[in-house]
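Below is one structure, written out as structure tokens; comments come after it.
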There are 2 protein chains.
Amino acid sequence: MALGEFEYLMLTAAARLGDDAYGAAIRQEIEQVTGRACSLGALYTTLDRLEKKALIKTWMGEATPQRGGRAKRMVRVTAKGARAASSFYDTVIRFSRGVAWASK
Amino acid sequence: MALGEFEYLMLTAAARLGDDAYGAAIRQEIEQVTGRACSLGALYTTLDRLEKKALIKTWMGEATPQRGGRAKRMVRVTAKGARAASSFYDTVIRFSRGVAWASK
DNA sequence: GCCATTAGAATCACATTGTGATTCTAATTG
DNA sequence: CAATTAGAATCACAATGTGATTCTAATGGC
């Protein structure tokens, strides 16, 4: 099942955002916290893939009440998704124990 | 530059093994600690890629003094590799702060 | 000495993930 | 109604990860 790094970031971003999780917001969150760009291609294709694997659920929400506001694609992490993310996190942590860069 | 999850595991395994880091040993380390299989294909193609990116250095060592022992492909993580791994680790940790699965 | 056995490396075609550039959609402001 | 804008979708392509299979040479038993 494996879960790439970017997939993990998306799951985590969605979890952090909770009820406010939707495509563009997730993207912003990722860029803000990691400091590196998140391409739109990566965003939506990964959303599709995560949904196909049932790690997230997705549905069209309401439009933002703002100029140009458009319907948002809302995202929620499923139980299965949380398990997968948790397992990714655990693997990284456990594996890094004792290595130089994991201690500063 | 990004660094996939598997690449991170390989760098970390090599770092843990220190002077004893070589192809097959890294594989064993990964399987033992993560509990999941590490295919040979993944192993050697990723070694090649990491070396091309200068994140590790590789050279042929001595044969194991054992039945069937064959020359080993020794591995050392470069300074650049350590930086990349460190940055991957930091990103995961920082990003996971406050999320449910990062606290148990 | 010879050959079966074995540790370890290499290759290759293929599946999965990640990216950039570009286009589409519809609500809002004026 | 036309310009503007938040947000989503698509697509061709690049990078990563995998399984199956083959190659290589040293060693131990005989």
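The figures that follow rest on heavy atoms only: side chains count, while hydrogens, waters and symmetry mates do not. Below, read A as the first sequence line, B as the second, and so on, with proteins coming before strands; counting in each chain starts at 1.
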Exercise. Can you sort out the partners of A:T12 under side chain to side chain donor-acceptor pair (under 3.5 Å), two or more places apart, ordered by chain and number?
Key: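 Result, side chain to side chain donor-acceptor pair (under 3.5 Å) vs A:T12: none returned.
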Quiz item: Can you name the residues that form a side chain to side chain donor-acceptor pair (under 3.5 Å) with B:R27, not counting sequence neighbours?
Solution: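 Side chain to side chain donor-acceptor pair (under 3.5 Å) check on B:R27 returns nothing, list empty.
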What is the distance, rounded to the nearest whole Å, between atom [atom1] of [X] and atom [atom2] of [N]?
X     : N      : atom1 : atom2 : answer
B:L47 : C:dT11 : CG    : C1'   : 14 Å
B:L3  : D:dA15 : CG    : P     : 15 Å
A:I26 : D:dA9  : CD1   : C1'   : 16 Å
B:R27 : C:dA7  : CZ    : C1'   : 12 Å
A:M10 : D:dA8  : CE    : P     : 11 Å
A:K72 : D:dA9  : NZ    : C1'   : 18 Å
A:K53 : C:dA15 : NZ    : C1'   : 12 Å
A:F6  : D:dA15 : CZ    : P     : 17 Å

Exercise. Kindly say if B:R49 contacts the phosphate of D:dG17, meaning a side-chain N or O under 4.0 Å from OP1 or OP2.
Key: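 Result: no.
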Self-check item: A:M60, nearest nucleotide to its side chain (from D:dA8, C:dA9, C:dG18)
Solution: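 Closest of the options to the side chain of A:M60: D:dA8.
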Quiz item: Does NZ or CZ of B:R16 come closer than 6.0 Å to the centre of the six-membered ring of A:F95, within 45° of the ring's axis?
Solution: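 Yes, B:R16 lies over the aromatic ring of A:F95.
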Self-check item: Pairing of B:R73 and B:E51 as salt bridge, 4.0 angstrom limit
Solution: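 The answer is yes: the pair qualifies as a salt bridge.
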Self-check item: Parallel, tilted or perpendicular: rings of A:F88 and B:F88 (30°, 60°)
Solution: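 Tilted: the ring planes of B:F88 and A:F88 meet at 30° to 60°.
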Practice problem: Kindly compute the distance separating CZ (A:R83) from CG (A:L3), expressed to the nearest 0.5 Å. | Solution: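 Going from the CZ atom of A:R83 to the CG atom of A:L3 covers 13.0 Å.
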Self-check item: Strand-adjacent residues in residues 32-45 of chain B, judged by heavy atoms under 4.0 Å from DNA chain D
Solution: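 Correct list: B:S39, B:L40, B:G41, B:A42, B:T45.
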